[in-house]
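Shown next, in structure tokens, is the structure this report addresses.
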Amino acid sequence: MNVLPAQLTALAYLVAAVCFILALKGLSSPASARRGNLIGAGGAVLAVLVAFLSESLQHLGPILVAIAIGSALGVPAARRVAMTQMPQLVALFNGVGGGAAALVAALELTERHGNGAAAAAAGGFTVLVGAVSFSGSCVTFAKLQELMTTRPVTFPGGPVVFGGALLAALALAVGIVVQPAGGVLVLLLVALALVALFVGVLFVLPVGGADVPIVISLLNAFTGLTVAASGYVLGNTLLLVAGTLVGASGTILTRLMAAAMGRSLTSTLFGAFKAGTGAVAGTGEERPVRSGSAEDVAILLGYARKVVIVPGYGLAVAQAQHTLRELAELLEARGVEVLYGIHPVAGRMPGHMNVLLAEANVPYEVLKEMEEVNPELKTADVALVVGANDVVNPAAKSTPGAPIYGMPILEVGEAQQVVFLKRSMRPGFAGIENELLYDPKTMLLFGDAKASLTAVVSAVKTL
Amino acid sequence: MDGITLLTIFVLSVFIGFEVVSKVSTTLHTPLMSGANAIHGVILVGAIVVTGRTTSGLGLVMGLLAVVLATVNMVGGFVVTDRMLEMFKGRQGGRR
């Protein structure tokens, strides 16, 4: 349908762009976050309606069917995914967005020649970065889903292969800018897409598990930029503005995340290239640890004055948030002061743990951020670490060269006693041994976090 | 639209993007990333436009694939962000 005059179309796109700005603004503050997201969704729906009304489109039926299929895939995935698996879903959504942008730009370049060298350059950029974002996101998905190792994957000559592939991709992109005839252009685009997919895989493989969230955020910014570039190719201001907004805010967000983890972006991305084989990785030697029963843990907790709970990903996997809250309430009823120490990257993404605990109705006031809780730990009788490892690993302070070195940690070692609820002695997501487990003041209770907590809850009840 | 106008829009948008998220607490990093992720799903507009113009069979297949992928990104992105933020609701109520 071509019912909307050009001016009205431009105005409607402007309204949508403003919606996106308000959405990002709203999402930056807890009170307005949900409304912000709805405003963004409204802007997106408006933009799609305008696209239908302003262009004389062929293939209207198939397009509507494709949208229905996309919704049928996306909505149930978003609705049903367990909150623990949300980071990989976001990675996947980001990847398909990058793939879509690459397809759009490739199609536009092959079907409408003579848009000028600038448009060809923007199109080449979109295909390159969109494909990198797609394959990179797929690898991050595989890492988070633990379909593959979460350790940095390096191989001899890796940096050389990466550099070579990147140069090849850039050369192909230059080839596209000089605008060869139709058949050659298609070949170049296909080759560029394939090389870029390979670059994306090589880009993410060397990144260690703990740093994956930063990479998701970076790839998110990449996809934003590809959308902006495809907006340039199509001459569509809305795509340009929306993509640029995401690209810019995504870059800032990536830097904020890296700062929260005490990492520089370059060491995150290329650390594994330099560090080589992580010398501090688990040596597998047998050393004595002090393990206790649920009753031992219950006695420690029940007669403490102040307990700081440090939840981690293991808690989320075991779906033990609710049992943990029950334990905390029992302890409070006994007059124990209970606080939660939340590391900025507890879970799999910054802020992930806050989402999970909010789901279990843990009151906001007792969730303490790292800077607040570290002084509290000095006066705590017991630090109860539930399914966390890397965020309390003193190697981050004491072992230069450890993959997490320099990351601020929750200093649970400062508490009088430390209790770890762990599945096994297996190291955490970053794959580093934790010295604190062997400390004489540490007690370990092995088992699934939910089973262990349930046992501790009933033991506390009988005290 | 000419290149300079588009460049102007691009540069101004960069500054707005930097500005709107410069002060955000770690609590909201995940929802903000997810929301931004949904916003770039607006590539759906581009996918619809190029698919509607294409004349070749291969172009149609590529275009429709782009439409499907972009819809997954956009619709799924907003839904999952809303689900995340829903969990903050009770907490915000308790805070006031």
Side-chain angles (χ1 to χ4, degrees), chain A residues 20 24-25 27-28 33-34 37 40-41 44 47 51 55 57-58 62-63 66-67 69-71 73-75 78 90 93-94 96-97 99-101 103-104 107-108 118 217 220 223-224 227 230 232 234-235 239 241-242 244-246 248-250 252 260 344 349-352 354-355 358-359 364, chain B residues 1 3 6 9-10 13-14 16-18 20-21 24 26-37 39-52 54 59-60 62-64 66-82 84-85 87-88 91-92 94-95:
Chain A
F20 292 152
L24 287 174
K25 186 81 196 153
L27 280 164
S28 312
R34 196 160 185 211
N37 185 52
E55 303 266 338
L57 298 172
Q58 309 288 315
I63 290 176
I67 290 177
I69 294 174
S71 307
L73 291 172
V75 172
V90 173
F93 284 163
N94 177 50
V96 296
L103 284 171
V104 167
L107 200 54
E108 181 69 9
S217 178
N220 189 36
T223 306
V227 171
S230 63
Y232 188 90
L234 293 168
L239 292 188
V241 172
T244 310
L245 281 175
V246 176
S249 61
I252 291 283
M349 261 197 203
H352 192 190
N354 301 67
V355 176
E359 187 188 18
Y364 183 82
Chain B
M1 205 168 299
L6 289 172
I9 295 172
F10 172 74
S13 302
V14 169
I16 295 173
F18 281 162
V20 285
V21 299
V24 55
T26 46
T27 315
L28 282 170
H29 278 176
T30 295
L32 182 60
M33 192 207 304
S34 180
N37 179 30
I39 288 174
H40 67 51
V42 78
I43 186 64
L44 177 57
V45 168
I48 291 170
V49 170
V50 293
T51 313
T54 190
L60 182 60
M62 279 170 65
L64 288 178
V67 172
V68 172
L69 294 180
T71 310
V72 169
N73 182 188
M74 188 177 108
V75 178
F78 282 118
V79 172
V80 83
T81 310
D82 190 59
M84 266 180 236
L85 293 170
M87 308 204 170
F88 286 84
R91 216 174 72 181
Q92 291 311 315
R95 208 178 175 186

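Below, read A as the first sequence line, B as the second, and so on, with proteins coming before strands; counting in each chain starts at 1. Computed from a prediction, not measured in an experiment: that's the story for all the values here. When reading the values below, keep in mind they use all heavy atoms of this one structure, side chains included, and skip hydrogens, waters and symmetry mates.
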- What is the distance from atom NE2 of His40(B) to atom CG of Leu245(A), rounded to the nearest 0.5 Å? 12.5 Å
- Note on the structure: Of the listed Asn37(B), Val21(B), Leu44(B), Thr51(B), the one with the largest count of heavy-atom pairs under 4.5 Å with chain A is Asn37(B)
- Note on the structure: Distance col, row Met84(B):CE vs Met33(B):CE, nearest 0.5 angstrom, shows 8.5 Å
- From the list Ala44(A), Gly224(A), Ala41(A), the residue making the most non-hydrogen contacts under 4.5 Å with chain B is Ala41(A)
- Choice from Ser71(A), Gly74(A), Ser249(A), Gly250(A) maximising heavy atom contacts with chain B below 4.5 Å: Ser249(A)
- Note on the structure: Thr54(B) meets the side-chain hydrogen bond (donor to acceptor under 3.5 Å, both in side chains) criterion, sequence neighbours left out, with Glu111(A)
- Query: Taking every heavy-atom pair that is under 4.5 Å apart, which of Val24(B), Ile39(B), Val79(B), Val14(B) has the most such pairs with chain A?
  - Reply: Ile39(B)
- Item | Part of Met74(B) within contact of chain A (heavy atom distance under 4.5 Å) | side chain
- Heavy-atom contact with chain A under 4.5 Å, split by part of Leu60(B): side chain
- Mind running side-chain hydrogen bond (donor to acceptor under 3.5 Å, both in side chains) on Ser34(B) and Thr81(B) for me, showing each step along the way? CA-CA 6 Å; Ser34(B) 180; Thr81(B) 310; 2.8 Å; yes
- Query: Is there side-chain contact between Val104(A) and Leu234(A), with at least one heavy-atom pair below 4.5 Å?
  - Reply: yes
- Message: A side-chain contact here means heavy atoms from C-beta on lying under 4.5 Å apart; do Val72(B) and Leu69(B) qualify?
- Response: no
- With the side chain counted from C-beta on, respond yes when Leu24(A) and Leu32(B) share a heavy-atom pair under 4.5 Å apart, and no when they do not. yes
- Task: Select, from Ile69(A), Thr223(A), Leu73(A), the one with the greatest count of heavy-atom pairs under 4.5 Å involving chain B.
- Result: Thr223(A)
- Task: Report the option among Val241(A), Leu27(A), Asn37(A) that has the most heavy-atom pairs separated by less than 4.5 Å from atoms of chain B.
- Result: Asn37(A)
- Item | Contact origin within Ser230(A) toward chain B - heavy atom pairs under 4.5 Å | side chain
- Looking at Ala248(A), Gly97(A), Gly40(A), which makes the most heavy-atom pairs under 4.5 Å with chain B? Ala248(A)
